[in-house]
Amino acid sequence: QVQLVESGGGLVQAGGSLRLACAASGRTFSTDAMGWFRQAPGKEREFVATINWNGGRTDYADSVKGRFTISRDNTKNTVYLQMNTLKPEDTAVYYCTASRRAWDSGSRDITEYGSWGQGTQVTVSS
C-alpha cells in the first residue's frame, strides 16, 4: 500500500493559479500511474487528470484541458497538478490517487485506483 499526502490547496481568486503536490511513501512510487480527482459539495468524485508511471502519457478531463498540467518527479516520489486560469467551478476537495493496474497508461476510471490521499481544499472566489 502506498501512502499519499496532498498539499498546496487554498483560496484563490478566479483567474489565479495554484500548484498541488502529492507526496508518496510506502511501496515503489515509480511503478504506479497517478491521478487527481476532485469532489465538490453534493457531487460525486470526478476525474481531473492522470499520468502514467514515467510521465510519458497524460490525460485530462475536458473541463480542465489547457488549464491544468499534471507532472511527476519519481526521484522525489511526488506528483504535481499545476492549475492555471482557475474558475469558481474548480472549487472542490482535490484527491491524489495511485494505480498499479493502470501503470502504463493512466486511467480516468476511479475503480482502477486503490490508494487515496486525505484531500486538499481548493476554493476559487469570483
Side-chain angles (χ1 to χ4, degrees):
Q1 193 81 357
V2 61
Q3 289 76 47
L4 304 169
V5 178
E6 301 97 335
S7 61
L11 173 63
V12 64
Q13 289 189 330
S17 298
L18 282 174
R19 189 193 196 201
L20 306 184
C22 173
S25 61
R27 72 166 187 247
T28 305
F29 170 79
S30 61
T31 57
D32 287 348
M34 301 298 295
W36 286 96
F37 284 72
R38 67 187 181 187
Q39 188 167 18
K43 294 188 177 182
E44 293 187 351
R45 195 169 296 189
E46 65 174 5
F47 167 76
V48 175
T50 185
I51 188 167
N52 78 331
W53 70 280
N54 66 355
R57 296 184 183 181
T58 59
D59 189 23
Y60 299 90
D62 288 345
S63 59
V64 307
K65 198 171 294 184
R67 300 188 298 122
F68 290 12
T69 302
I70 189 170
S71 62
R72 65 190 296 161
D73 185 341
N74 286 349
T75 66
K76 297 181 179 179
N77 287 353
T78 302
V79 63
Y80 304 96
L81 187 68
Q82 177 67 44
M83 305 186 296
N84 298 329
T85 320
L86 282 160
K87 305 175 180 180
E89 51 263 44
D90 294 318
T91 296
V93 177
Y94 283 71
Y95 296 91
C96 171
T97 182
S99 172
R100 177 142 290 181
R101 288 192 295 181
W103 67 278
D104 194 39
S105 60
S107 178
R108 295 183 171 214
D109 185 352
I110 196 169
T111 64
E112 292 285 341
Y113 294 90
S115 299
W116 293 84
Q118 82 290 347
T120 186
Q121 177 70 46
V122 171
T123 303
V124 184
S125 63
S126 57

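Nearest heavy-atom pair, L20 versus M83, reported as atom, atom and distance to 0.1 Å: CG-CE, 3.8 Å. Minimum interatomic distance between D32 and R72 (heavy atoms only, all atoms of both residues): O-NH1, 2.8 Å. The minimum heavy-atom distance linking L81 with Y94 is given by the pair CD2-CD2, 4.2 Å. The nearest pair of heavy atoms linking S126 to A14 is CA-CB, 4.3 Å. In terms of heavy-atom proximity, G106 sits nearest to N52 at N-CB, 4.0 Å.
Counting heavy atoms from C-beta on, the side chains of W53 and D104 come closer than 4.5 Å. Contact annotation: the side chain of D90 approaches that of R67 to within less than 4.5 Å [non-hydrogen atoms, C-beta and beyond]. Using a 4.5 Å cut-off on side-chain heavy atoms (C-beta onward), T75 and F29 make no contact. C96 places a side-chain heavy atom less than 4.5 Å from the side chain of W36.
Between T111 and D109, the side chains place a donor N or O and an acceptor N or O closer than 3.5 Å (distance only, hydrogens not considered). For the 3.5 Å distance criterion, the side chains of T31 and R100 qualify, holding a donor opposite an acceptor. In the model, S17 has a side-chain atom that pairs as donor or acceptor with a side-chain atom of N84 under 3.5 Å.
I70 and F37 fall into different hydrophobic clusters, defined by Ile, Leu, Val, Met, Phe, Trp and Tyr side-chain heavy atoms under 4.5 Å apart, directly or through other members.
A distance of 7.5 Å separates CD of Q121 from OG1 of T91, quoted to the nearest 0.5 Å.
Ion pair K65/D62 flagged as a salt bridge, since at least one NZ, NE, NH1 or NH2 atom sits closer than 4.0 Å to an Asp/Glu carboxylate oxygen.
By the 6.0 Å contact criterion, CD on Q13 is open, its count of non-hydrogen atoms from other residues, nucleotides or ligands being 12 or less.
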